[in-house]
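In what follows, every heavy atom counts, from backbone to side chain, and hydrogens, waters and symmetry copies are set aside.
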Amino acid sequence: MGETSARDRLARELQRLKEASGLSYTQIETQGRKQTPIVKLGRGKLSNWLRGDYVPEDDRPFRYLIQLLEPRAEKNGVLPRGIDWWRDRRKEATDERDASVVSKEPAARSAQLVALAVAAPHVGDVAKAARLLRLLPLDGSWLRWLENAETMFKVPLTVSDLVCDARRPLETDRPDYVAPELQEAHRELVEALGALCFELNGMNDISDEGQDVLEISYPGTSAERNELNRQACRARDEFIAAYTKVINLLNAKGLLPPVPAGPSTSASGSVPPNDPDRRRGRYPEPAGR
């Protein structure tokens, strides 16, 4: 992509706006997380936009970023252009990107699509998918617990340890997926995993009280504690959605291993009565106890 491309121009303008605002990546991400619902503006996503690696979608994160940065940049002498101007620049970059993938030779393009459809998964993606599933196994009791838990007031260490232990290896896992859509989904998964670990790391380990669990602290009032639970549940839900997206992409590309034989959940999806974690009392008590 040349220096005068629409994508590069948009990236340069976004970079200038960020610098004029005086906000760091961390401050932008923090402001986004204060919104209801949360606006995801992590460092990875922002740096991809500002480098021109990706064109932003015309969705809430992009619009919120402009609305956040322009008033601050104006205080430093940069006149605001308004969201419509930015959306026009984004559309130019999108149109340019879409046009670049349209083949000038329809017959050659059709042959290419057929070849891609029958091509075997790339060996690098096979290995990377295997590493992901070793860290966050699809058939693990950790996932059943997260999907079935009504609250996050108490979280078994068997769940929190596995989730938090997976974060760093997934953040630093190299090389990237060969398939671009898998790499983007992996980035979203790591971002959601980081948000969930942030909530878990803020809980108290009360294992010395007879239960191997983390518990949400008592910050002062019941309302404040309930708000911490809502934040943890929201982070849990966003993580599960990101994990499911990656798994579905892996499945579509034939990268999932065969389902192992063994005990499974009941038809209702509840945790089996003989699950070892249930026998050890590692599941939280209902809210309102």
Check the pair Asp8 / Arg12 against salt bridge (Lys or Arg N to Asp or Glu O under 4.0 Å), numbers first and verdict last.
CA-CA 6 Å; Asp8 287 339; Arg12 282 201 304 270; 5.4 Å; no

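- You'll find the side chain of Tyr243 reaches within 4.5 Å of the side chain of Leu143, heavy atoms only.
- Every residue two or more places apart in sequence or in another chain was checked for a side chain to side chain donor-acceptor pair (under 3.5 Å) with Glu74, and none qualifies.
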For Cys164 and Asn201, run side chain to side chain contact (heavy atoms under 4.5 Å, CB included): C-alpha distance rounded to whole Å, both residues' side-chain angles, the deciding distance at 0.1 Å, then the answer.
CA-CA 9 Å; Cys164 292; Asn201 289 335; 4.0 Å; yes

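- With hydrophobic clusters built from ILVMFWY side chains whose heavy atoms lie under 4.5 angstrom apart, Leu157 shares a cluster with Leu136.
- Heavy atoms only, all atoms of each residue included: Leu255 and Val126 are closest at CD2-CG2, 3.4 Å.
- Listed here is the closest heavy atom pair of Asp59 and Pro61: OD1-CD, 3.2 Å.
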Trace of the salt bridge (Lys or Arg N to Asp or Glu O under 4.0 Å) decision for Glu238 with Arg234:
CA-CA 6 Å; Glu238 291 178 354; Arg234 183 165 53 196; 5.1 Å; no

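- Looking at heavy atoms from C-beta onward, Ser160 lies out of side-chain contact with Val163 at the 4.5 angstrom threshold.
- A donor-acceptor contact shorter than 3.5 Å is absent between the side chain of Lys154 and the backbone of Leu214.
- For the pair Asn48 (side chain) and Gly44 (backbone), a donor-acceptor distance under 3.5 Å is present.
- For Tyr64, the OH atom is densely surrounded, since the number of other residues' heavy atoms within 6.0 Å is greater than 12.
- By the criterion of side-chain heavy atoms lying less than 4.5 angstrom apart, applied directly or through intervening Ile, Leu, Val, Met, Phe, Trp or Tyr residues, Leu228 is grouped together with Phe153 in one hydrophobic cluster.
- A heavy-atom distance below 4.5 Å is not found between the side chains of Tyr54 and Lys45.
- Separating the CG atom in Leu256 from the CG atom in Leu133 is a distance of 6.5 Å, to the nearest 0.5 Å.
- The minimum heavy-atom distance between Glu215 and Ile206, with the atom names listed, is OE1-CD1, 3.6 Å.
- The line from CG of Asn148 to OG of Ser141 is 11.0 Å long, rounded to the nearest 0.5 Å.
- A salt bridge is absent between Arg144 and Glu147; no separation between the charged side-chain nitrogens and carboxylate oxygens falls under 4.0 Å.
- Looking at residues two or more places apart in sequence or on another chain, you find no side chain to side chain donor-acceptor pair (under 3.5 Å) involving Arg43.
- Two residues are said to be in side-chain contact when any heavy atoms from C-beta on lie closer than 4.5 Å; Pro80 and Ile66 fail this criterion.
- Heavy-atom minimum distance, Ala232 versus Met152: CB-CB, 3.8 Å.
- Aromatic ring pairs are classed by plane angle as parallel below 30°, tilted from 30° to 60° and perpendicular above 60°; the pair Trp49 and Phe62 is perpendicular.
- Remark: Asn248 pairs with Thr244 by the side chain to side chain contact (heavy atoms under 4.5 Å, CB included) rule, at least two apart or across chains.
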Return a table of donor-acceptor pairs under 3.5 angstrom between the side chains of residues 186-193 and protein atoms on other chains or two or more places apart.
unit_1	atom_1	unit_2	atom_2	d
His186	NE2	Leu170	O	3.3
Arg187	NE	Glu184	OE1	3.3
Arg187	NE	Glu184	OE2	3.4
Arg187	NH1	Glu191	OE1	3.1
Arg187	NH2	Glu184	OE2	2.6
Glu188	OE1	Lys245	NZ	3.0

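- Residues Met203 and Ser217 are not in side-chain contact: their nearest non-hydrogen atoms beyond the backbone lie 4.5 Å or more apart.
- Residues satisfying the side chain to side chain contact (heavy atoms under 4.5 Å, CB included) criterion with Asp173, sequence neighbours excluded, are Lys128, Arg131.
- Nearest approach of Ala223 to Arg230, heavy atoms of both residues: O-NH2, 4.3 Å.
- In the hydrophobic cluster analysis, where Ile, Leu, Val, Met, Phe, Trp and Tyr join through side-chain heavy atoms closer than 4.5 angstrom, Ile240 is grouped together with Leu250.
- Counting non-hydrogen atoms of neighbouring residues, nucleotides and ligands closer than 6.0 angstrom, the CZ atom of Arg51 exceeds 12 such neighbours.
- Judged by distance alone, with hydrogens and angles left aside, the side-chain atoms of Glu224 form a donor-acceptor pair with the main-chain N or O of Thr221 at under 3.5 Å.
- For the pair Lys253 and Tyr177, the cation-pi criterion (under 6.0 Å, within 45° of the ring axis) is not fulfilled.
- Scored by the side chain to side chain contact (heavy atoms under 4.5 Å, CB included) test, Arg60 finds Gln35, Pro37, Val39, Arg63 as partners (sequence neighbours excluded).
- Under the 4.5 Å side-chain criterion, counting only non-hydrogen atoms from C-beta, Val159 is not in contact with Leu200.
- Within the 4.5 Å cutoff, side-chain heavy atoms of Tyr25 are placed close to those of Leu50.
- With values rounded to the nearest 0.5 angstrom, Trp85 atom CH2 is found 11.0 Å from Ile83 atom CD1.
- With rounding to the nearest 0.5 angstrom, the CZ atom of Arg97 is 5.0 Å from the OG1 atom of Thr94.
- Applying salt bridge (Lys or Arg N to Asp or Glu O under 4.0 Å) to Glu13 and the options Arg90, Arg81, Arg89, Arg7 leaves one that passes, Arg81.
- No side-chain donor-acceptor contact under 3.5 Å links Asn229 to the backbone of Ile216.
- The nearest pair of heavy atoms linking Ala93 to Leu10 is CB-CD2, 4.2 Å.
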Test side chain to side chain donor-acceptor pair (under 3.5 Å) applied to Gln31 and Gln27, step by step:
CA-CA 6 Å; Gln31 289 296 322; Gln27 289 171 323; over 6 Å; no

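- Counting only distance, with no hydrogens or angles, the side chain of Glu70 and the backbone of Gln67 share no donor-acceptor pair below 3.5 Å.
- Side-chain contact between Leu65 and Leu17 is absent, with no heavy atoms from C-beta onward closer than 4.5 Å.
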Kindly indicate, with the supporting measurements, whether the criterion side chain to side chain contact (heavy atoms under 4.5 Å, CB included) is fulfilled by Lys18 and Leu23.
CA-CA 6 Å; Lys18 174 185 173 297; Leu23 294 180; 5.7 Å; no

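- If you take CD on Gln183 and CG on Asp125, they are separated by 9.0 Å, rounding to the nearest 0.5 Å.
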